[in-house]
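Residue numbers start from 1 in every chain, and the chains themselves are labelled A, B, ... in the order their sequence lines are given, proteins ahead of strands.
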Number of protein chains: 2
Amino acid sequence: MKQEKKLNVTLQQVAKHAGVSRSTASLVMRGSPSITPATRDKVLASMQELGYVYDRVAANLRSKDSSTVGLIIMELSNTFYSELLVGLHHKLDKCGKTIILGTTFDSAEIQDRLLSTMLEHRVAGIILSAVPGSPSEPIDQICKLGIPVVLIGRKLDTKLCDYVGIDNVLGGQLATNHLIEQGHRRIAFIGGYSLLSSWRGRKEGYDFSLSLAGIDIDSDLVVESPATLQGGVDSIQKVLSLPNPPTAVFCYNDSIAIGAMMKMKEMGVIPGQDVAVVGFDDIPEASIITPKLTTISSAPRLMGVHAARLLQARMEGLSTKPQYVILQPELVVRESSAYAHPENLPGNAAAKKTRLA
Amino acid sequence: MKQEKKLNVTLQQVAKHAGVSRSTASLVMRGSPSITPATRDKVLASMQELGYVYDRVAANLRSKDSSTVGLIIMELSNTFYSELLVGLHHKLDKCGKTIILGTTFDSAEIQDRLLSTMLEHRVAGIILSAVPGSPSEPIDQICKLGIPVVLIGRKLDTKLCDYVGIDNVLGGQLATNHLIEQGHRRIAFIGGYSLLSSWRGRKEGYDFSLSLAGIDIDSDLVVESPATLQGGVDSIQKVLSLPNPPTAVFCYNDSIAIGAMMKMKEMGVIPGQDVAVVGFDDIPEASIITPKLTTISSAPRLMGVHAARLLQARMEGLSTKPQYVILQPELVVRESSAYAHPENLPGNAAAKKTRLA
DNA sequence: CCTGTTTACTAGATCGATCTAATACGAGTA
DNA sequence: TACTCGTATTAGATCGATCTAGTAAACAGG
């Protein structure tokens with residue numbers, strides 16, 4: 001554990017070398033205007049010569065501010081989060097904050113441990129994509145400690161922290177309406193868990209659109225599963241082996257949709273032609289897979305930027321009431337829903353659309 | 001910037017509340033064996049009651065050790081790095097290290113700034129996937145300061161730090177040999193930049209295999225480009241419009257291969273049938289795309305684990321000579337190279353293989 | 001020439017922990 | 001009883017910076 005045998009160069013030593021006081025050297029470090037160019041250069045030269053490295057940790061201890069923010073997410077292999085990170089990183093860099101990273105793999109226990117670790121590291125704020133179903137008390141306590149928390153993508157019961165997310169209900173409606181417009185009447189909703197607030201939102205939109213179109217909701221067509229490729233494989237198998245299988249599926253996210261399409265191909269069902277598929281998130285893979293996936297774009301990068309902005313505002317002490325940023329999802333129509341369902345459609349141009357490859 | 005208006009609970013206050021000294025409270029924190037269970041419980045109870053949070057930053061300042069490690073990579077949208085992070089994170093968690101993250105987007109300037117930031121944060125070590133062509137002096141200096149650096153994936157000229165990577169030459173050979181065995185004699189190598197040590201390695205393997213098979217190297221068939229989807233799109237267009245186009249392409253990485261296959265479909269060329277494609281890395285998308293991509297597996301997760309292991313050993317002060325861990329790549333044959341090239345092949349079973357969807 | 005104000009710099013306390021060296025105390029031994 | 005010895009605990013210095021309050025010099029105005 002111990003390291004750094006070599007004695008570090010301290011500001012004290014720099015000051016001595018330059019023939020000034022600790023305080024002066026410190027002021028030079030921080031670019032104080034009340035320092036003569038002559039002494040400033042002298043100190044800077046000494047720093048250069050001695051190979052001085054600023055100790056931000058010591059500085060933060062005394063000045064009681066922090067130059068780090070914590071980022072806690074489920075996992076990075078999920079493209080949604082890595083995209084989110086791009087936006088976040090870019091914005092935080094600008095205000096001189098460094099990111100401390102933790103991944104929960106959706107374990108509430110790990111999440112608690114990570115939150116503690118972040119606190120111990122004196123982060124200036126935390127951006128959290130909470131483990132579904134995790135209690136909100138620990139997070140409330142952190143907020144009360146004066147450390148701002150921004151929730152991202154997944155909502156919790158707390159009324160103390162900011163939240164950035166998308167309108168899942170609208171997203172669910174967009175997807176379901178699109179499938180209904182293509183002539184489908186048996187539409188499944190597969191993947192994800194009802195524990196997730198986002199799942200409940202998308203389901204609500206799905207229910208709403210169906211009932212608006214006068215379609216009865218068949219609970220057999222709703223299948224929960226992990227929000228992964230494998231989850232998609234399992235769920236699609238389940239609904240397609242029903243006595244009265246769906247002609248379209250709305251998937252909780254793109255990973256599930258991709259898994260579902262892979263399994264369909266294996267089963268000899270042509271996705272986009274025999275069964276329409278709509279995903280959610282618009283991850284890069286969505287436009288790569290064949291057929292290209294129709295999906296709901298949730299602009300993860302933009303969510304990152306917004307989260308950073310909210311956190312930044314709060315770190316600067318603007319203590320307003322909790323803010324909610326709800327981004328509007330957009331329907332991106334691609335090949336996986338290009339063929340209209342033959343039934344109930346008078347003259348459909350969409351069915352004549354050709355599919356690539 | 002300033003925050004934490006509420007006075008933090010300090011070990012001092014805990015000690016006072018429990019009726020012991022600072023030192024005793026500190027010993028309790030660290031689980032010293034020479035503490036009576038009675039006083040231990042008393043202190044623990046006080047901590048609980050006052051809502052004490054350990055200040056790891058202050059502790060690190062005094063004890064001169066660090067509980068963070070820096071991770072500097074190009075970007076996270078690249079699945080290779082997020083996979084790598086999974087392995088790394090898992091291993092570092094176990095030894096109580098927290099990750100400070102930085103992404104360079106392959107800018108040498110950003111890399112330098114990130115390295116400084118990491119030093120200022122007193123990281124115990126750095127894991128670095130260096131920007132290609134960046135100078136090695138700054139990194140050498142960090143090593144000399146006693147902070148171990150593990151290079152990952154991309155090699156630099158320095159002889160001071162550990163390195164984890166794969167055998168790129170072997171990978172290049174595996175890919176090229178496979179295509180030669182399928183009957184191809186005009187094989188392109190597309191994407192990536194010769195600045196990258198990994199590019200040079202793969203190219204070397206490609207050259208070696210070709211010359212071993214008695215095939216002349218045609219410099220028109222080697223195209224450099226960014227290592228992205230778009231790079232693949234551009235490069236494949238270039239080589240396929242040659243007067244004598246290749247029948248097979250070996251791509252610097254999977255992103256390029258996927259971009260190339262997308263463009264081929266657009267051009268009416270069937271990847272895997274008209275032109276064989278081999279990628280590199282085996283990212284998750286490789287087994288999702290149609291046709292499924294033949295590729296060279298570089299086990300990014302394993303690389304993460306190895307990097308963490310090396311760093312850990314060095315942080316514990318075992319100051320041995322620089323270590324090099326070179327992982328063996330593996331050829332993963334899928335659909336994109338399933339059809340053998342008709343010329344030069346007596347009786348080929350592979351050509352009869354069917355393609356899904 | 002004296003006073004008041006600004007400017008450039010500094011000594012010493014401080015952040016919240018750990019480390020060192022010294023303490024008090026009970027048990028064991030002569 | 002006195003003397004060691006080991007154990008549990010502690011006071012005070014310390015890590016490397018910042019902050020507070022203050023000093024000495026330069027300069028202006030009456």
Examine [N]: is either OP1 or OP2 under 4.0 Å from a nitrogen or oxygen in the side chain of [X]? Give yes or no.
{"X": "A:Lys64", "N": "C:dT14", "value": "no"}
{"X": "B:Thr36", "N": "D:dT9", "value": "yes"}
{"X": "B:Arg30", "N": "C:dC19", "value": "yes"}
{"X": "B:Ser23", "N": "D:dT10", "value": "no"}
{"X": "A:Ser21", "N": "C:dT10", "value": "yes"}

Under the criterion side chain to side chain contact (heavy atoms under 4.5 Å, CB included), which of B:Gln48, B:Met29, B:Met47, B:Arg22 is the partner of B:Val14?
B:Met47
Once you round it to whole Å, what is the distance between [atom2] of [N] and [atom1] of [X]?
{"X": "B:Arg62", "N": "D:dG12", "atom1": "CZ", "atom2": "C1'", "result": "11 Å"}
{"X": "A:Arg56", "N": "D:dC15", "atom1": "CZ", "atom2": "C1'", "result": "18 Å"}
{"X": "B:Tyr52", "N": "C:dG16", "atom1": "OH", "atom2": "P", "result": "10 Å"}
{"X": "A:Glu120", "N": "C:dC15", "atom1": "CD", "atom2": "C1'", "result": "18 Å"}
{"X": "A:Asp55", "N": "D:dT14", "atom1": "CG", "atom2": "P", "result": "18 Å"}
{"X": "A:Asn60", "N": "D:dC19", "atom1": "CG", "atom2": "P", "result": "11 Å"}
{"X": "A:Lys42", "N": "C:dC9", "atom1": "NZ", "atom2": "P", "result": "7 Å"}
{"X": "A:Leu11", "N": "D:dC19", "atom1": "CG", "atom2": "C1'", "result": "14 Å"}

Donor/acceptor link under 3.5 angstrom from A:Thr39 side chain onto base of C:dA8:
no
Polar pair under 3.5 Å, donor/acceptor by atom type, side chain B:Arg22, base D:dG12
yes
Taking the side chain of A:Ala58 as heavy atoms from C-beta outward, which of D:dC19, C:dA17, D:dG16 is closest to it?
D:dG16
Which one, D:dT14, D:dA17, D:dT9, comes nearest to the side chain of B:Ser34?
D:dT9
Per nearest nucleotide of DNA chain D, the residue lying toward the 5' end, B:Gly19 or A:Val53, is B:Gly19
Ignoring hydrogens and angles, state whether a donor on the side chain of B:Thr24 or B:Ser21 is under 3.5 Å from an acceptor on the partner side chain.
yes
Step-by-step salt bridge (charged side-chain N to carboxylate O under 4.0 Å, His left out) determination, B:Asp106 to B:Arg154:
CA-CA 12 Å; B:Asp106 270 355; B:Arg154 296 161 167 195; 3.0 Å; yes
Which part of the nucleic acid does [X] contact within heavy-atom distance under 4.0 Å: base, sugar-phosphate only, or nothing?
{"X": "A:Thr10", "value": "sugar-phosphate"}
{"X": "B:Val57", "value": "nothing"}
{"X": "A:Leu61", "value": "base"}
{"X": "B:Leu27", "value": "base"}

B:Asn60 vs B:Ser66, test: side chain to side chain donor-acceptor pair (under 3.5 Å). Steps then yes/no.
CA-CA 6 Å; B:Asn60 284 339; B:Ser66 157; 5.2 Å; no
Thinking salt bridges, do B:Asp93 and A:Arg113 make one under a 4.0 Å N-O criterion?
yes
Just wondering, are more than 12 heavy atoms of other shown residues or ligands nearer than 6.0 Å to NZ in A:Lys16?
no
